[in-house]
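Below is one structure, written out as structure tokens; the observations come after it.
The analysis underlying the following values was restricted to heavy atoms, covering all of them including side chains, and did not include hydrogens, waters or symmetry mates. Nothing here was measured: the structure is a model prediction, and the numbers come from that model. To find a chain, count down the sequence lines: A is the first, B the second, and so on, and within it residues start at 1.
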Amino acid sequence: MWTEKMALDTIYDFDYVLKRLAMDPLHVVDLDEKYIYIPVLLPSGKHVVRLTSLGTTTQPVVELASDSLEEKSKLIDHVFDLFRWQVNLSDKANHFKGTNLESLFIRRYPGTPVVKEFHPYASLMKTIIHQQLNMAFAHTLTRRFVEQYGSKVEGVWFYPTPEEVASISYEDLRQLQFSQRKAEYVINTSRLIVDGELNLEQLAQESDEQVMKTLVKIRGIGNWTAENWLLFGAGREDLLPKKDIGIQNALKHYFGMDRKPTLQEIDDMSKEWMPFRSYATLILWRTMEERQMG
DNA sequence: AACCAGGGAAGAT
DNA sequence: ATCTTCCATGGT
């Protein structure tokens, strides 16, 4: 067992990050002790890292711990990237000064980071499964999917591999209460990866525009899913999923509209957030999360 | 009971 | 290109 303590060179609201991660029942999170266990898939196999928050939003300190001695530096790099600690969020906040989101991002929700899903493929599967479902049922579906076809290591769930998903039948997923369409999307997309027609690691190196073009061609992946993969699978900073019902409702409420904004109106009001629209997306979702949780 | 949900495909215009 | 319609199923 090794541990590594680090002071972060940014503001960072770790309490909020944990609360958000705790919404997914597959995550092993303790909000009181402020830690989360993270599944990490390396060429050498499956590893688990415990991440604990020891600091505050303005002076964040984290501690990483794992039993995987031989991969220590790789695991640290990996988690550092997942939580995007290389990003200075004060710089991002400065970009929103003078915009219509200034008070939300700077005073109400400072230190709201982009946090990546734990694996690019898992992120894509989760995003497809979450299409057009309320969050409660969406999480139930992904939990069933992973508990049925994934694997548990040191108490932490890993999503199944593309090979494993490619080999299951539509009927198998129907039994978990997937719709026929959703079962096709999940399995067929996994088959594309197995067949080498879709390479997410390679895709993660390409521009947002190229990624969108590639992903949207795939049956079952529309704009919303592609944008969400860029945001949570690749950690990109300029995504605003306009078709997202949560974003539309958040904009409606925050700007006091009597209806949801049109896609054109969203384009207009979000121009000044570029090229960091992902942070706007996150704080807008955050307003709705607090509305729901009270 | 009706409407909604952190959409997408297919068809029509 | 942009707009309907249908799909599907649990939550509220």
Side-chain angles (χ1 to χ4, degrees), chain A residues 16-17 19-27 104 109 112 114-117 122-145 147 170-190 192 198 209 211-236 238-254 258-268 270 277-294:
Chain A
Y16 167 69
V17 168
K19 206 191 303 182
R20 181 176 172 81
L21 288 169
M23 292 178 196
D24 188 332
L26 288 166
H27 291 155
L104 201 56
Y109 298 138
T112 304
V114 171
V115 174
K116 291 166 72 171
E117 289 284 336
S123 171
L124 186 58
M125 291 300 104
K126 178 175 172 179
T127 306
I128 292 174
I129 293 169
H130 280 220
Q131 289 168 1
Q132 177 61 21
L133 296 176
N134 61 74
M135 296 303 286
F137 184 52
H139 281 132
T140 298
L141 267 192
T142 49
R143 182 176 54 72
R144 284 179 191 158
F145 176 70
E147 287 180 355
Y170 305 143
E171 194 46 44
D172 291 334
L173 291 187
R174 300 278 336 232
Q175 288 182 4
L176 302 184
Q177 286 177 292
F178 280 55
S179 64
Q180 176 67 27
R181 294 262 178 85
K182 197 158 285 188
E184 292 171 9
Y185 297 166
V186 164
I187 291 170
N188 292 349
T189 302
S190 298
L192 287 180
L198 175 63
E209 293 73 20
V211 173
M212 289 297 295
K213 206 187 289 181
T214 300
L215 287 181
V216 165
K217 279 184 201 154
I218 297 169
R219 184 168 182 274
I221 300 181
N223 272 299
W224 180 87
T225 303
E227 287 167 348
N228 269 276
W229 187 80
L230 273 166
L231 175 52
F232 292 113
R236 302 291 170 88
D238 197 26
L239 280 301
L240 179 78
K242 285 179 291 189
K243 291 185 72 173
D244 186 281
I245 195 72
I247 292 296
Q248 293 174 12
N249 284 328
L251 290 169
K252 171 186 167 185
H253 286 116
Y254 187 68
D258 57 358
R259 55 171 174 77
K260 287 183 285 197
T262 64
L263 298 184
Q264 182 59 52
E265 286 171 330
I266 295 176
D267 267 342
D268 294 340
S270 64
R277 284 176 293 182
S278 295
Y279 297 98
T281 298
L282 291 165
I283 60 176
L284 286 167
W285 270 329
R286 195 169 169 181
T287 63
M288 297 307 286
E289 286 158 10
E290 294 202 349
R291 180 180 293 273
Q292 286 153 16
M293 295 180 191

Under 3.5 Å, which donor-acceptor pairs link side chains of residues 247-254 of chain A to any protein atom two or more places apart or in another chain?
residue : atom : partner : partner atom : Å
Q248(A) : NE2  : K242(A) : O            : 2.9
N249(A) : ND2  : I245(A) : O            : 3.2
H253(A) : ND1  : N249(A) : O            : 3.0
Y254(A) : OH   : S103(A) : OG           : 3.2

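- Note: OH (Y254(A)) to C1' (dG6(B)) measures 20 Å, nearest angstrom.
- The distance between atom CD1 of I128(A) and atom C1' of dT9(C), rounded to the nearest whole Å, is 18 Å.
- Counting only heavy atoms from C-beta outward, the side chains of R219(A) and E184(A) approach each other to under 4.5 Å.
- Not counting sequence neighbours, N223(A) has no partner by the side chain to side chain donor-acceptor pair (under 3.5 Å) test.
- Nucleic acid contact for R144(A): none, since no nucleic acid atom lies under 4.0 Å from a heavy atom of the residue.
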### salt bridge (Lys or Arg N to Asp or Glu O under 4.0 Å) evaluation trace for R259(A) with E265(A)
CA-CA 12 Å; R259(A) 55 171 174 77; E265(A) 286 171 330; 2.9 Å; yes
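- E289(A) has its CD atom 15 Å from the P atom of dA5(B), to the nearest Å.
- Separating the CG atom of N249(A) from the C1' atom of dC3(B) is a distance of 13 Å, rounded to the nearest angstrom.
- L173(A) places its CG atom 15 Å from the C1' atom of dA8(C), with the value rounded to the nearest Å.
- A heavy atom lying under 4.0 Å from DNA chain B marks none of the residues of residues 259-267 of chain A.
- Looking at residues two or more places apart in sequence or on another chain, you find a side chain to side chain donor-acceptor pair (under 3.5 Å) between S190(A) and Y121(A).
- Contacts classified as salt bridge (Lys or Arg N to Asp or Glu O under 4.0 Å) and involving residues 124-138 of chain A (residues at least two apart or in different chains) are given here: D24(A)-K126(A), E117(A)-K126(A).
- Rounded to an integer number of Å, the gap from CE of M135(A) to C1' of dT12(C) is 16 Å.
- dG6(B) and dT2(C) have their P atoms separated by 26 Å, given to the nearest Å.
- Under the side chain to side chain donor-acceptor pair (under 3.5 Å) criterion, Q132(A) pairs with no residue at all, not counting sequence neighbours.
- We find that NE2 of H253(A) is positioned 13 Å from P of dC4(B), with the value rounded to whole Å.
- No contact: R286(A) has no heavy atom under 4.0 Å from any strand.
- Separating the C1' atom of dT12(C) from that of dA1(B) is a span of 11 Å, rounded to the nearest Å.
- Q175(A) has its CD atom 13 Å from the P atom of dT9(C), to the nearest Å.
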Protein and nucleotides 7-13 of chain B: nitrogen or oxygen contacts under 3.5 angstrom:
residue : atom : partner : partner atom : Å
dG7(B)  : OP1  : I245(A) : N            : 3.3
dG7(B)  : OP2  : Q132(A) : N            : 3.4
dG7(B)  : O5'  : Q132(A) : N            : 3.0
dG7(B)  : O4'  : Q132(A) : N            : 3.2
dG7(B)  : N7   : Q132(A) : OE1          : 3.0
dG8(B)  : OP1  : G222(A) : N            : 3.1
dG8(B)  : OP1  : T225(A) : N            : 3.0
dG8(B)  : OP1  : T225(A) : OG1          : 2.4
dG8(B)  : OP2  : W224(A) : N            : 3.2
dA9(B)  : OP1  : G220(A) : N            : 2.6
dA10(B) : OP1  : R219(A) : NE           : 3.4

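- R236(A) is linked by a side chain to side chain donor-acceptor pair (under 3.5 Å) to D208(A), counting only residues two or more places apart in sequence or in another chain.
- F232(A) is linked by a ring-ring contact (aromatic ring centres under 6.0 Å, His included) to W285(A), counting only residues two or more places apart in sequence or in another chain.
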